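Predicted model only: the values in this text are computed from it and were never measured.
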Amino acid sequence: MSVLREIAQMCANEFSHMNEDRKSSVSRAVLDSIKHRIIDEIFKNPSSFKDDLAKSVETFVRESGLATALENDLFAKKLSETLVPNDRLSFIDQANASWTKRVIKSINAMCTELSLPLARKRTGDQVKTATKAWNSLSTQGGVSKSGLKPIYSAKDFFQVVVGIRNPNRVDSIGGQWELCRVAMATKGVDELRRIFDELSPSSKWENFENEEKYRLGEKVIRAKSVAAAKQYLKTGCPMGLRSKVWPLAFGIDLSPESLLYFNQLKSSVVQYDLLLDGIMMQDVRMTAANDESFFVFEDDLHQAGLALLRDCHVQREAFPPDSQLFSYIRGNLGNVDFHVGYPPSGVVPFYGFSYYLTPFCFLYESVDRLYLAFRRFYVDYLHHLHTISSHPNGIVSLCCQFENILMEKEPFLFQHLVHIGADPLRLVFAWIMQAFTCQLDTEQTLLLWDRIAGFHSTLPLALLSVGILMFRKSSLLKINKLEEAEVVLSSLKGIKVIPLLQLVLFA
């Protein structure tokens with residue numbers, strides 16, 4: 001007990017420079033982990049702690065990297081505090097509840113129509129077959145059940161989002177230009193310019209692939225600091241370093257021990273068959289695997305997608321309890337005594353969902369590393385893009401932000417597009433919802449996602465959407481109907497992300 005007391009005193013001494021607020025914000029799990037590491041070290045190398053126990057332990061904490069772990073924990077908590085949801089709005093909660101019921105109803109209707117269960121345990125022979133097929137899912141043509149179809153698409157979700165109305169808002173007599181009318185707090189260009197100052201054309205990292213930038217990245221990796229990694233990503237990351245900088249910035253562990261978690265998910269895939277498995281695999285085949293840029297990754301996309309459906313970690317971290325998806329045991333629709341959480345992760349893939357995974361295929365050769373990196377990015381950012389909420393990273397907030405910035409920067413273009421029936425939000429909604437994964441060249445998507453992770457914000461999606469319309473302004477002002485606008489914006493290959501973000505913010 002005396003040793004534990006001395007260790008506790010050491011912790012107090014080591015972290016005495018922190019004020020009371022910072023002390024209280026330190027994760028109890030992190031402190032416990034540090035204590036356990038110290039105790040183990042004392043028993044392994046007692047001679048190193050002979051003289052002055054407290055001082056020896058302080059030295060060990062600094063030299064072993066435990067102090068860095070503490071700083072990373074503090075930074076993560078501070079980051080989460082700077083990006084809190086807007087005050088929950090009852091009408092948005094109601095819209096989310098209505099949308100959730102609609103999704104559940106679609107899943108159950110498909111079950112009934114096709115006479116398929118939501119989930120079933122495989123027999124011994126089926127487990128053997130599924131295990132054998134794991135590494136060649138792209139060739140398993142019969143796995144996807146006939147009659148399955150996507151639960152919803154970007155167009156369906158767009159109609160839901162623009163249909164949300166604030167009952168306390170009174171529009172002017174002349175009507176409004178914007179489609180998203182929820183009066184959510186947004187930022188003006190001047191404020192955005194301050195927030196995204198590192199995107200300024202005057203940044204010395206204009207050429208982010210230069211040797212000095214690469215050396216700095218290696219230094220960041222050695223430091224193992226989450227804060228340094230995020231700061232580094234604000235000015236872009238060289239392709240050769242991204243697989244190491246991103247996990248550091250996400251605060252995730254890709255050690256062999258952590259990667260075992262993916263094997264647990266794999267085991268669940270081969271033992272249980274979910275109705276949504278077929279929908280996920282069908283989406284991979286119809287979208288990402290049908291794209292010349294991604295078809296070589298089809299097996300990885302199948303494996304990661306099926307694992308995601310079963311990952312309870314995603315449900316706990318991404319979706320609040322009151323928005324959990326439930327379904328009903330067949331034959332008991334509407335009976336609360338027979339409702340179950342489904343799927344375990346809370347993720348219902350929409351048409352094109354598998355594109356979310358594709359950028360990570362270029363960073364990792366093994367699907368377990370790919371999955372853990374993707375899962376963190378999905379939980380922090382991507383799930384907000386197909387979820388109705390008041391969160392500033394959410395799709396509703398981004399729609400409001402996009403319309404307000406475009407009106408501020410290009411009011412005449414905005415009015416012209418509305419006048420011809422090509423509302424700007426209608427043109428860009430799928431880009432934002434899909435995080436530009438199937439619109440841009442992959443390297444440009446990765447550069448965009450560098451900034452999302454670096455600034456801990458999905459706002460670059462809205463800013464880039466404005467930038468593209470500004471870039472295509474001359475062509476858009478010449479057209480007279482929606483179909484022509486869609487043709488003008490049909491291909492974004494060749495678009496350069498950073499110059500367009502700078503166009504919006506600093507031109």
Apply side chain to side chain contact (heavy atoms under 4.5 Å, CB included) to Asp93 and Asn96, showing your working. CA-CA 5 Å; Asp93 286 345; Asn96 178 59; 5.6 Å; no
Could you tell me which residues satisfy ring pair (Phe, Tyr, Trp, His ring centres under 6.0 Å) with Tyr364, sequence neighbours excluded, listed by chain and number?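 By the ring pair (Phe, Tyr, Trp, His ring centres under 6.0 Å) rule, Tyr364 matches no residue at all.
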Assess the residue pair Phe412 and Leu477 against the criterion (side chain to side chain contact (heavy atoms under 4.5 Å, CB included)); give the C-alpha distance rounded to whole Å, side-chain angles, the decisive distance to 0.1 Å, and a yes or no. CA-CA 9 Å; Phe412 184 72; Leu477 289 175; 3.9 Å; yes
Going by distance alone, is a donor N or O of one side chain under 3.5 Å from an acceptor N or O of the other, for [X] and [Y]?
| X | Y | value |
| --- | --- | --- |
| Ser153 | Asp156 | yes |
| Thr358 | Thr437 | no |
| Thr387 | Ser389 | no |

So, taking the atom named [atom1] in [X] and the one named [atom2] in [Y], what distance separates them when rounded to the nearest 0.5 Å?
| X | Y | atom1 | atom2 | result |
| --- | --- | --- | --- | --- |
| Leu309 | Ser268 | CG | OG | 10.0 Å |
| Phe402 | Ile395 | CZ | CD1 | 11.0 Å |
| Cys361 | Leu370 | SG | CG | 5.0 Å |
| Arg285 | Asp283 | CZ | CG | 11.0 Å |
| Cys180 | Asp423 | SG | CG | 12.0 Å |

Anything under 30° is parallel, anything over 60° is perpendicular, the rest tilted; go ahead and classify Trp431 against Phe436.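 Geometry flag for Phe436 against Trp431: tilted rings.
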Does the plane of the ring in Trp134 sit parallel, tilted or perpendicular to the ring in Phe262? Use 30° and 60° as the thresholds.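 Rings of Trp134 and Phe262: tilted, as their planes differ by 30° to 60°.
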Of all the heavy-atom pairs spanning [X] and [Y], show the shortest one and how long it is.
| X | Y | answer |
| --- | --- | --- |
| Glu408 | Gly188 | OE1-CA, 3.7 Å |
| Lys493 | Cys438 | NZ-O, 4.5 Å |
| Leu137 | Met281 | O-CE, 4.1 Å |
| Asp253 | Leu372 | O-CD1, 4.2 Å |
| Leu254 | Pro247 | CD1-CG, 3.6 Å |
| Tyr351 | Pro150 | CD1-CG, 3.8 Å |

Name all residues meeting the side chain to side chain donor-acceptor pair (under 3.5 Å) criterion together with [X]; count only those two or more places apart in sequence or in a different chain, and write none if there are none.
| X | answer |
| --- | --- |
| Tyr261 | Asp311 |
| Thr445 | none |
| Gln444 | none |
| His384 | none |

Run the side chain to side chain contact (heavy atoms under 4.5 Å, CB included) check on Val161 and Leu425 step by step: do they pass? CA-CA 11 Å; Val161 171; Leu425 184 58; 5.8 Å; no
How would you list, by chain and number, every residue that makes a salt bridge (charged side-chain N to carboxylate O under 4.0 Å, His left out) with Glu486, sequence neighbours excluded?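 None.
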Between [X] and [Y], is the ring centroid distance below 6.0 Å?
| X | Y | result |
| --- | --- | --- |
| Tyr152 | His386 | no |
| Trp99 | Phe157 | yes |
| Phe377 | Phe250 | yes |
| Phe353 | Tyr356 | yes |
| Phe455 | Phe196 | yes |

Does a side-chain N-to-carboxylate-O contact under 4.0 Å join [X] and [Y]?
| X | Y | answer |
| --- | --- | --- |
| Lys234 | Asp197 | no |
| Lys496 | Asp441 | no |
| Arg376 | Glu317 | yes |

Verify the neighbour count for atom [atom1] of [X]: are there more than 12 heavy atoms of other residues, nucleotides or ligands below 6.0 Å?
| X | atom1 | value |
| --- | --- | --- |
| Lys244 | NZ | no |
| Glu365 | CD | no |
| Phe471 | CZ | no |
| Phe295 | CZ | no |
| His419 | NE2 | no |

Test item: Glu410 and Leu469 side chains (from C-beta on) under 4.5 Å apart, heavy atoms: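 Side chain of Glu410 against side chain of Leu469, heavy atoms only: no contact under 4.5 Å found.
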How far apart are the C-alpha atoms of Lys230 and Asp450, what are their side-chain angles, what is the distance that settles it, and do they pass the salt bridge (charged side-chain N to carboxylate O under 4.0 Å, His left out) test? CA-CA 9 Å; Lys230 282 194 172 290; Asp450 280 345; over 6 Å; no
Run the side chain to side chain contact (heavy atoms under 4.5 Å, CB included) check on Leu447 and Arg242 step by step: do they pass? CA-CA 10 Å; Leu447 287 174; Arg242 212 174 256 125; 3.6 Å; yes
Do side-chain atoms of His383 reach the backbone of Val314 as a donor and acceptor pair under 3.5 angstrom?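 Not a single qualifying donor-acceptor pair exists.
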Among Leu274, Ile107, Leu276, Asp273, side-chain contact (heavy atoms from CB on, under 4.5 Å) partner for Leu118: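 Between Leu118 and the candidates, side-chain contact (heavy atoms from CB on, under 4.5 Å) is satisfied uniquely by Ile107.
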Using the rule side-chain contact (heavy atoms from CB on, under 4.5 Å), only one of Leu501, Thr235, Val504 pairs with Leu199; which is it?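 Going through Leu501, Thr235, Val504 one by one, the side-chain contact (heavy atoms from CB on, under 4.5 Å) with Leu199 is satisfied by Leu501 alone.
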